[in-house]
Amino acid sequence: MARHLITSALPYINGIKHLGNMVGSMLPADVYSRYLRQRGHEVLYICATDEHGTPAELAAKEAGLSVAEFCAQAHDAQKAVYDGFALAFDYFGRSSSPQNVEITQHFARKLNENGFIEERAIRQVYSPADGRFLPDRYVEGTCPHCGYDKARGDQCENCTRVLDPTDLINPRSAISGSTDLEVRETKHLFLLQSKLQHEVEEWVARHEADWPQLASSIARKWLNEGLHDRAITRDLDWGVPVPADTWPELAAEGKVFYVWFDAPIEYIGATKEWADKDPENRDWKSWWYEADDKVRYTEFMAKDNVPFHTVMFPATELGVREPWKKVDYVKAFNWLTYYGGKFSTSQKRGVFTDHALEILPADYWRYFLIANAPESDDSSFTWEHFTATVNKDLADTLGNFVNRVLSFSKKRFGEEVPAGGEPGEAETRLGEQIAELLAEYEAQMEALQFRKAAAALRALWSAGNSYLEEKAPWLEIKTDKDGAALTLRTAMNLIHLYAVVSEPFIPTTAKTMREAFALSDDTATWVTAAEARALTAVPAGTPFTVPPVLFAKLTDDDLAAYKERFGGEPAA
């Protein structure tokens, strides 16, 4: 089986993430990782908190903590939420780790040796009121492209254009709010991306046909506009230090690498963090170094992160002139909106992941988000849509099926799977249908088409309900007890099948369904087409229990309460 390396965009350290962030990176990566593991592949799913840059310093200052202390606490808080969402990372690291410092500095030295880093004097915003240079996000103002008046000095949140602080109209200090800003000269390191343009173009050309159109079109747009040399250092107190053995003057000035230089390298750094926990049994380099023909590498991210992962980081890896693994497939997502407006961490707009878990268990959110993932276009979160999906798909289609089958069988046949007669024409048709739907589900998961995969999974659940309505064991038992027993036994086998194949989407519920049956040797990780046709994994005589309600139906009162707490439209 193949070795699959999977990463999702690193969540930034300054606060708990919203549902849009979850569905645009970590959750689909987790669903895909779980699926691949079930199919027998070797999988390494790596993520980490992105801890450098100005927002971390600003958030720490607001919290009254040192940046190191703030990041340590924020990392633990984020990890607790991801555990609550049942994200099965192999390792969830930190970009401030010694491993990332080591590898980032190595990359910088190699790029310098190969002529792709240059020290330049630049004019940078300086705030006399703050007594310091103001890098990127320490400067706020009006975007020159779209007019958004809260644009940051590195990127406009509204139109996503990459900016320089000196581009902003009516700039102000994000620290003090002072508009008394000057432009002074200082020195920084620049990555000479212009010298790597053709190499990046050739690399993208070899891969873009396989990527989703969203990812390839964004990469191509950046390349068509031309790669520009970009500063990769900043005047900050927190970050990966510029190595003194290579740039002693800049190191003495306290320069650190720009967060978007070291953050992608943290994928490698976090893998080394993982390996260093058990060095005798884990080899981080086998995943990243000279691994092109041994590892398939898939990245998950929202569209605003695509340029950095399809152009800028590949340029860095190419310029190092070492055989580091580059991404094979970029799964890019559009945005999940909140009633048509943007989710926003900075403006606290929308539903945040910790609040979501306060309301309902993770599986409600996991299923809804993946079933409505913003793949081909932006999609909108509304409480009306959420409650309707939960009630129809989870409570009625899946949950009610499980409860009806197990409760009725316990009432009429006791606490063991009934035997009944031999499968007939209806069971043969059902087996063929389930095998066909399972193949569709597998095909969509292999293609990383998550909404279509959710639709195929929903169709599998619906097939059980259709079979149950056709056979109507509550009527059948009056004239044919063995026939009713067969129907229920077949339906119980469907429950077990659902438990196995639904695990990537709803892992906690899948475990509950599976544990309803006292199978001593239940080691199945997937269901073959032949097993789907036969539906015999749970034999007659197997003890079973009726689990609690899997998914509660959401009421009009619930809907009203959600809208009262979070609002039914985006903030103005």
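Stacking of K331 on the aromatic ring of F333 is recorded, both the 6.0 Å distance cut-off and the 45° axial limit being met. Judged by the 6.0 Å and 45° rule, K285 forms a cation-pi pair with Y289.
One finds a salt bridge joining D378 and K303 here, because a Lys/Arg side-chain nitrogen approaches an Asp/Glu carboxylate oxygen to under 4.0 Å. Ion pairing between K563 and E384 holds under the 4.0 Å rule for side-chain N and carboxylate O. In summary, E427 and R533 do not engage in a salt bridge, as defined by a charged side-chain N under 4.0 Å from a carboxylate O.
With T397 contributing its side chain and K392 its backbone, the two residues share a donor-acceptor pair below 3.5 Å. In this structure a side-chain-to-backbone donor-acceptor pair under 3.5 Å is missing from S502 to A499. Listed for the Y338 side chain is a donor-acceptor partner under 3.5 Å among the backbone atoms of G567. In this structure, R514 contributes its side chain and V500 its backbone to no donor-acceptor pair below 3.5 Å. In this structure, the side chain of N493 engages the main chain of V538 through a donor-acceptor pair within 3.5 Å. Counting only distance, with no hydrogens or angles, the side chain of D482 and the backbone of G421 share no donor-acceptor pair below 3.5 Å. Side-chain N or O atoms of N465 include one that pairs as donor or acceptor with a backbone N or O of W461 at under 3.5 Å. Put simply, the side chain of K17 gets close to the backbone of Y12: a donor and an acceptor are under 3.5 Å apart. At least one donor-acceptor pair under 3.5 Å links the side chain of E375 to the backbone N or O of F450. The closest donor-acceptor contact from the side chain of N391 to the backbone of K553 lies at 3.5 Å or more, if one exists at all.
More than 12 heavy-atom neighbours from other residues, nucleotides or ligands sit within 6.0 angstrom of NZ on K326. Heavy atoms from other residues, nucleotides or ligands lying under 6.0 Å from CD of E415 number 12 at most. Counting non-hydrogen atoms of other residues, nucleotides and ligands closer than 6.0 Å to CD of E358 gives a total above 12. Dense packing is recorded around CG of D76, with more than 12 heavy atoms of other residues, nucleotides or ligands lying under 6.0 Å away.
The distance between the ring centers of Y45 and H4 does not fall below 6.0 angstrom. Between F551 and Y364, the gap from one ring centroid to the other is short of 6.0 Å.
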* Evaluate side-chain hydrogen bond (donor to acceptor under 3.5 Å, both in side chains) for S97 paired with E273, printing each intermediate quantity in order. => CA-CA 8 Å; S97 69; E273 291 175 57; 3.0 Å; yes

* Please lay out, stage by stage, how L394 and T389 fare under the test side chain to side chain contact (heavy atoms under 4.5 Å, CB included). => CA-CA 7 Å; L394 297 178; T389 300; over 6 Å; no

* To do: Check the pair R458, Y367 against side-chain hydrogen bond (donor to acceptor under 3.5 Å, both in side chains), reporting the backbone distance first and the verdict last.
  => CA-CA 10 Å; R458 187 186 311 121; Y367 176 79; 3.1 Å; yes

* To do: For the pair D278 and N281, evaluate side-chain hydrogen bond (donor to acceptor under 3.5 Å, both in side chains) and give the outcome as yes or no after the intermediate values.
  => CA-CA 6 Å; D278 186 8; N281 298 301; 3.1 Å; yes

* **Audit row: L430, T490, side chain to side chain contact (heavy atoms under 4.5 Å, CB included) steps and yes/no** => CA-CA 9 Å; L430 174 66; T490 303; 3.6 Å; yes

* To do: Start with the C-alpha gap between E503 and R37, add the side-chain angles, then the distance that decides, and say whether salt bridge (charged side-chain N to carboxylate O under 4.0 Å, His left out) holds.
  => CA-CA 11 Å; E503 193 264 349; R37 291 189 189 104; over 6 Å; no

* Asked: Run the side chain to side chain contact (heavy atoms under 4.5 Å, CB included) check on I46 and F89 step by step: do they pass?
  -> CA-CA 6 Å; I46 293 292; F89 304 115; over 6 Å; no

* Test R3 against S286 for side-chain hydrogen bond (donor to acceptor under 3.5 Å, both in side chains), laying out the working first. => CA-CA 10 Å; R3 302 180 83 208; S286 70; 3.2 Å; yes

* To do: Report the C-alpha distance between Y297 and W287 in whole Å, list the side-chain angles of each, state the deciding distance to 0.1 Å, and finish with yes or no for ring pair (Phe, Tyr, Trp, His ring centres under 6.0 Å).
  => CA-CA 9 Å; Y297 178 20; W287 292 94; over 10 Å; no

* Could you walk me through whether T542 and E416 pass the side chain to side chain contact (heavy atoms under 4.5 Å, CB included) test, one step at a time? => CA-CA 5 Å; T542 302; E416 292 184 353; over 6 Å; no

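Minimum heavy-atom separation, H496 to A537: ND1-CB, 3.9 Å. Heavy-atom minimum distance, V306 versus A332: CG2-CB, 3.6 Å. Closest heavy-atom contact between A275 and R282: CA-CB, 3.7 Å. Looking at every heavy atom in both residues, P418 comes nearest to L488 through CG-CB, 4.3 Å.
With no hydrogens or angles considered, a side-chain donor-acceptor pair links E476 and T487 at under 3.5 Å. Counted by atom type alone, T555 and D558 present one or more donor-acceptor pairs between their side chains at under 3.5 Å. In summary, the side chains of S379 and N372 do not present any donor paired with an acceptor at a separation below 3.5 Å, with no hydrogens or angles considered. A donor-acceptor pair shorter than 3.5 Å cannot be found between the side chains of W284 and Q99. With hydrogens and angles left out, the side-chain atoms of S96 and E51 include a donor and acceptor closer than 3.5 Å.
Ring geometry, H355 versus F566: the interplanar angle falls from 30° to 60°, so the pair is classed tilted. Classified by interplanar angle (parallel below 30°, tilted 30° to 60°, perpendicular above 60°), the ring pair Y32/F300 is tilted. Relative orientation of the F386 and W383 rings is perpendicular, given thresholds of 30° and 60° on the angle between their planes.
Taken to the nearest 0.5 Å, the CD atom of E317 stands 9.0 Å off from the CH2 atom of W324. Here the straight-line distance linking atom CZ of F517 with atom CD1 of I495 works out to 4.5 Å at 0.5 Å rounding.
If you run side-chain contact (heavy atoms from CB on, under 4.5 Å) between T353 and each of V81, N21, L27, only V81 comes through. If you run side-chain contact (heavy atoms from CB on, under 4.5 Å) between Y267 and each of T7, V327, L5, N100, only T7 comes through. The residue from W335, F368, Y339 that alone fulfils the ring pair (Phe, Tyr, Trp, His ring centres under 6.0 Å) condition with F381 is F368.
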